[in-house]
Amino acid sequence: MTSPMEELTFVFARLKGLLLTEGKAGRAVEDLAEAVKKSIPGSLGAGVSLIDDQGRRRSTGYTDDVVATADALQYELGQGPCLTAWAGETTIQIDDVRTDERWPLWRKAVADLPLRATLSTALVHDGRSIGALKVYSPLPSAFSTQDRKHLALLASPAATLLGSAQPDSAPAAASKALRDALGTRDLVHTARGILMERHGLDADTAMRRMLSAAASSRADLRTVALSVVDGTAGSSH
């Protein structure tokens, strides 16, 4: 009987061999999602989201219908943990969907799904986020700090293999599609987190810095947040 990590090694080997045509790539990504689900205890399902060469968001591999449904709702509403992880090139953890207030529309939309905890991490290739890897659980607080690190470690080789199979235009299209899809609330939250990480700020100070930048430049808060996410904001932002 193979261990979860041995199965992942096998899947990555398959990815290398199958990322030649779109049909075969789809099969390999489904294998990856299944192996990720098995490698993280407590997972209800796992999935891989990528951007196609037209900048369209799509789930290219998932293990269970609940993953596909929860992802589709994020894309439809323009907010959610997977999109935020994707845009911020980071890992997002929800301990309990019912009490987390960061994505109110998505939270309400998934209320009837057997979904309580999530982990989503960006797939970063050549310095750009090309998608996200995610796992869902029906139990609150299902994922540990170790699970978070484990998913991030899995994402690195997955991004390398998946990114190498995409057209050169896909990362730029992905970036634009994400910016267009993210609602203002979610975008501001992402930008605030980037400032906190970059400058060692607390949440209130990061928000005040963006508000100050908006006032001084006579821009709206969304524009300032976009400049932070895009990396075009100056050090004072």
Exercise. When hydrophobic residues are tied together by side-chain contacts of less than 4.5 Å, even through go-betweens, does L153 share a cluster with V48?
Worked result: no

Exercise. Under a single-linkage definition using a 4.5 Å side-chain heavy-atom cutoff for Ile, Leu, Val, Met, Phe, Trp and Tyr, are M196 and I194 assigned to the same hydrophobic cluster?
Worked result: no

With a 4.5 Å heavy-atom cut-off, do [X] and [Y] have their side chains touching?
X	Y	result
V97	I94	yes
S137	S43	no
F143	Q93	yes

For this session: Give the minimum heavy-atom separation between A70 and L115, together with the two atoms involved.
Result: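 In terms of heavy atoms, the two residues are closest at CB-CD2, 4.1 Å.
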
Exercise. Where is the tightest heavy-atom contact between I40 and H150, given as atom of each residue plus distance?
Worked result: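 Result for this residue pair: CG1-CD2, 3.6 Å.
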
Exercise. Is atom CG of D202 surrounded by more than 12 heavy atoms (other residues, nucleotides or ligands) closer than 6.0 Å?
Worked result: yes

Problem set entry | Presence of salt bridge, R116 and D95, under 4.0 angstrom | no

Exercise. So W106 and Y136, would you call those rings parallel, tilted or perpendicular, with 30° and 60° as cut-offs?
Worked result: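 The arrangement is tilted - the two ring planes meet at 30° to 60°.
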
For this session: Go through the side-chain N and O atoms of T118 and K134 and say whether any donor and acceptor fall under 3.5 Å apart.
Result: no

For this session: Apply side chain to side chain contact (heavy atoms under 4.5 Å, CB included) to the pair V135 and K37, showing each step before the final yes or no.
Result: CA-CA 7 Å; V135 289; K37 174 184 176 180; 5.7 Å; no

For this session: Using side chain to side chain contact (heavy atoms under 4.5 Å, CB included) as the criterion, point out the one residue from T84, T190, I92 that pairs with R102.
Result: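 The passing option is I92.
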
Exercise. Which residues satisfy the side-chain hydrogen bond (donor to acceptor under 3.5 Å, both in side chains) test with S144, sequence neighbours excluded?
Worked result: D147

